[in-house]
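Working notes, structure below.
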Amino acid sequence: MNEPVILVVDDDPQVLSAIRRDLRSRYREDYRVLAASSGDAALTAVRELKSRGDALAMVISDQRMPSMLGVDVLAKVREIYPIARRLLLTAYSDIEAAIRAINEAHLDHYLQKPWDPPEERLFPAIDDLLSSWQAEYRPELAGLRLIGYQWSPRSHEIKDFLASNLIPYRWLDVDRDPDAPGFLGAIGVDADELPVLVLENGAVVRNLTIGSVAECMGLRTAAAHDLYDLIIIGAGPAGLAAAVYGASEGMRTLLLDGHGPGGQAGASSRIENYLGFPSGVSGSELTRRAVAQAQRLGAEILTPVVVAGLSCDAGYKRIALADGRELVSRAVITATGMTYRELTAEGVADYLGAGVYYGAAMTEAQSCRGCRVFVIGGGNSAGQSAVYLSRFAREVCVVVRREDLKPTMSHYLIQQLAALPNVRILPCRVPERLEGQGRLQRVWLKSLVDDSVSQEDVDALFVFIGTRPHSDWLPPSILRNPKGFVLTGRDAAIAEAFPRIWKESREPMPLETSLPGVFAAGDLRAGAMNRVASAVAEGAMAVRLVSDYLART
Ligand SMILES: Cc1cc2nc3c(=O)[nH]c(=O)nc-3n(C[C@H](O)[C@H](O)[C@H](O)COP(=O)(O)OP(=O)(O)OC[C@H]3O[C@@H](n4cnc5c(N)ncnc54)[C@H](O)[C@@H]3O)c2cc1C
């Protein structure tokens, strides 16, 4: 297969040749750099690439061109290559338009002319975008392949696991992918053995479980040391930040996650309010960077490792793993976050992974091409997922209990949804019953206004409602509020049971739980702000407090 393409579009021959020259000087080993002198020529080139099955990694287009504006070229390219990275080249006077275009047309970045020296003003941005494209791109024929049925819960579980552990794979749906039947015959796999994984070296792995896949992928699940300064449980934004800061402070730091790194944020298609990413950043990209940063600084990361209990023995914290092993640390940060509440509609359990998904919009979006999908919930996570799904699905219906989205969703997302022609908001409704043959096909929605019930055809339904903290595994000595969120600092100290539990002469520190030396950060904590930035801040702050705690013991 040909190398992926970087396409540059500019009507000014001098600028076109300068940027092409600079890009070639740095990327020609891995990418073909093509040039087009107008929007029309660019779109013709893009359609040709598509018809040949070539990969398009990035398009860089000048904004001011006579026949078509750069943002329009980039918007059209997105319809053909949804994950190609899109950059606008602007003059200083057009920067405001470029920033507007980031919001309206979901551009990835803008570059200001001139870009000299390219080492400082061009290549860092392009490097970043190409590496995030590489992480999302699934080559047609190479690499890891997962073959199965779209509506199979086990296929969904494995897809979700690979995605959350940032393992690129190509998904082949035996019912829809024309290559799949021939490929199955060639590798000698029967349809009733699906799903199977085909490794890069051609080996076929059957009877897939999370454990067997983790082993095949070489994920580390065994700790390197007997004793740690700091063990962090949960590798969402709070845990990842704690790992970065713990390791950078020189603590022997271990980070554990029961699924894969990223947590809820890892499921986000585009985080637009995290400082330093003006065009937004996907959760998987933020996670990829954070994992690399934590590891570079010396943190050890183990996934999938589920923590089942915690106890304290002469100041040492003993962490019981679900598989029976135990780890020991001088201090602990628990950052196990939260998850969605279960949908109570009749029939939900029958279609889990077969049309009903909790979160997981990123994992299943590409499989929803041409489908009619429902998003249940009116919060930001629901809004963001609806925007993302609208790129693939024929129609996205957002079902909300309230009359409108304003009380629960950020303004920018409400505006984005309103601008999408294939998104419908269905207010004052709840799903009452689900039905289908072997997969979800119909949903009955009940009106909260007059109790009437309507039946809708549906291919997939994504649930984003309510919050449930991951705190069941904690010992009773870690006090929680009635909803199960962990009390820390002053909130713990004023709880009724606190005097019976806390035997220190000092008060708990701000993020410390009612068990000395065990800290909580992020969404798990009572009073948390439920944002990526606040989770990251608490992870960092918890490390500072851990260091004070360790200095005292
Ligand atoms: C789809 C979506 C979009 C969002 N978009 C935005 C946004 O744009 N901007 C924004 O600011 N916020 C956004 N949020 C909210 C934000 O992602 C969360 O506030 C943030 O992820 C909380 O981080 P955390 O580290 O506290 O917990 P989490 O992200 O919940 O991570 C907890 C981790 O702990 C692990 N874990 C749980 N129990 C155990 C156990 N027993 N053993 C081992 N590991 C365990 C889980 O597997 C998980 O990885 C979004 C959330 C969602 C779901």
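Residues take their numbers from the sequence shown, with the count starting at 1. Quick caveat: nothing in here was measured; it's all calculated off a predicted structure. Start at 1 and go down the list; that is how both ligands and their atoms are numbered.
- The contact set between ligand 1 and Tyr340, taken as ligand atoms under 4.0 Å from a residue heavy atom, comprises 1 (C), 52 (C), 53 (C).
- Closest to atom 27 (O) of ligand 1 among all protein heavy atoms lies Gly337 CA, 3.4 Å.
- Counting only N and O atoms by type, the side chains of Arg525 and Thr488 include a donor and acceptor under 3.5 Å apart.
- Against a heavy-atom cut-off of under 4.0 Å, His470 is close to the following atoms of ligand 1: 37 (C), 38 (N).
- Atoms of ligand 1 lying under 4.0 Å from at least one heavy atom of Met338, given by number and element, are 30 (O).
- Here is the list of ligand 1 atoms found below 4.0 Å of a heavy atom in Ala238: 25 (O), 26 (O).
- Salt-bridge check for Arg288 with Glu285: passed, with a basic side-chain N closer than 4.0 Å to an acidic carboxylate O.
- Using a 4.0 Å cut-off to heavy atoms of Ala335, the atoms of ligand 1 that qualify are 32 (C), 33 (C), 34 (O).
- Contact atoms of ligand 1 toward Ser381: 1 (C), 2 (C), 3 (C), 52 (C), 53 (C) (distance under 4.0 Å to a heavy atom of the residue).
- The shortest N/O to N/O separation between Val307 and ligand 1 falls below 3.5 Å.
- Thr303 and Asp257 share no side-chain donor-acceptor pair at under 3.5 Å.
- For the pair Thr339 and ligand 1, no heavy-atom separation below 4.0 Å is found.
- Ser212 and Thr209 are linked by a side-chain donor-acceptor pair at a separation below 3.5 angstrom, with hydrogens and angles left out of the test.
- A perpendicular orientation is assigned to the rings of Tyr228 and His225, their planes being inclined by more than 60° (bins at 30° and 60°).
- If you check the side chains of Gln441 and Asp457, you find no donor sitting under 3.5 Å from an acceptor.
- Contact atoms of ligand 1 toward Gly260: 49 (O) (distance under 4.0 Å to a heavy atom of the residue).
- Of the polar atoms of Val532, at least one N or O is found under 3.5 Å from an N or O of ligand 1, judged by distance alone.
- Annotation: atom 15 (C) of ligand 1 to nearest protein heavy atom, Asn530 O, 3.9 Å.
- With no hydrogens or angles considered, no side-chain donor-acceptor pair links Thr408 and Arg402 at under 3.5 Å.
- If you check each of Glu272, Gln264, His259 against atom 29 (O) of ligand 1, the one with the closest non-hydrogen atom is Gln264.
- Judged by distance alone, the side chains of Gln150 and Glu364 do bring a donor and an acceptor atom under 3.5 Å apart.
- At a heavy-atom distance under 4.0 Å, atoms from both the backbone and the side chain of Arg531 approach ligand 1.
- Using a distance-only test at 3.5 Å, with no hydrogens or angles considered, a donor-acceptor pair links the side chain of Arg429 to the main chain of Pro427.
- Geometrically, ligand 1 and Asp523 share a nitrogen or oxygen pair separated by less than 3.5 Å.
- Looking at Leu240, Ile232, Asp257, it is Asp257 that brings a heavy atom closest to atom 33 (C) of ligand 1.
- Between Arg289 and Phe277, the shortest heavy-atom contact is NH1-CE2, 4.0 Å.
- Checked by distance only, ligand 1 and Asn273 come closer than 3.5 Å through their nitrogen or oxygen atoms.
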From CA spacing to verdict: salt bridge (charged side-chain N to carboxylate O under 4.0 Å, His left out), Arg490, Glu507: CA-CA 8 Å; Arg490 212 48 226 134; Glu507 286 237 318; 2.9 Å; yes

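- Atoms of ligand 1 lying under 4.0 Å from at least one heavy atom of Gly258, given by number and element, are 43 (C), 44 (N), 45 (C).
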Asp459/Arg439 under salt bridge (charged side-chain N to carboxylate O under 4.0 Å, His left out): CA gap, chis, key distance, verdict: CA-CA 8 Å; Asp459 295 299; Arg439 52 167 282 214; 2.9 Å; yes

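- The shortest N or O to N or O distance between Ala533 and ligand 1 is not under 3.5 Å.
- Gln384 NE2, 2.8 Å is the protein heavy atom nearest to atom 8 (O) of ligand 1.
- Close N/O approach between Pro237 and ligand 1 is found [any backbone or side-chain N/O within under 3.5 Å].
- For atom 45 (C) of ligand 1, the candidate residues are Thr467, Thr336, Asn380; the nearest heavy-atom contact is made by Thr336.
- Note: Arg424 CZ to Cys397 SG = 5.0 Å, rounded to the nearest 0.5 Å.
- Scanning all protein heavy atoms for the shortest distance to atom 34 (O) of ligand 1 gives Gly234 CA, 3.2 Å.
- Using a 4.0 Å threshold on non-hydrogen atoms, atom 49 (O) of ligand 1 counts as touching the protein.
- Of the charged side-chain nitrogens involved, at least one lies within less than 4.0 Å of a carboxylate oxygen, so that Asp313 and Arg318 count as a salt-bridged pair.
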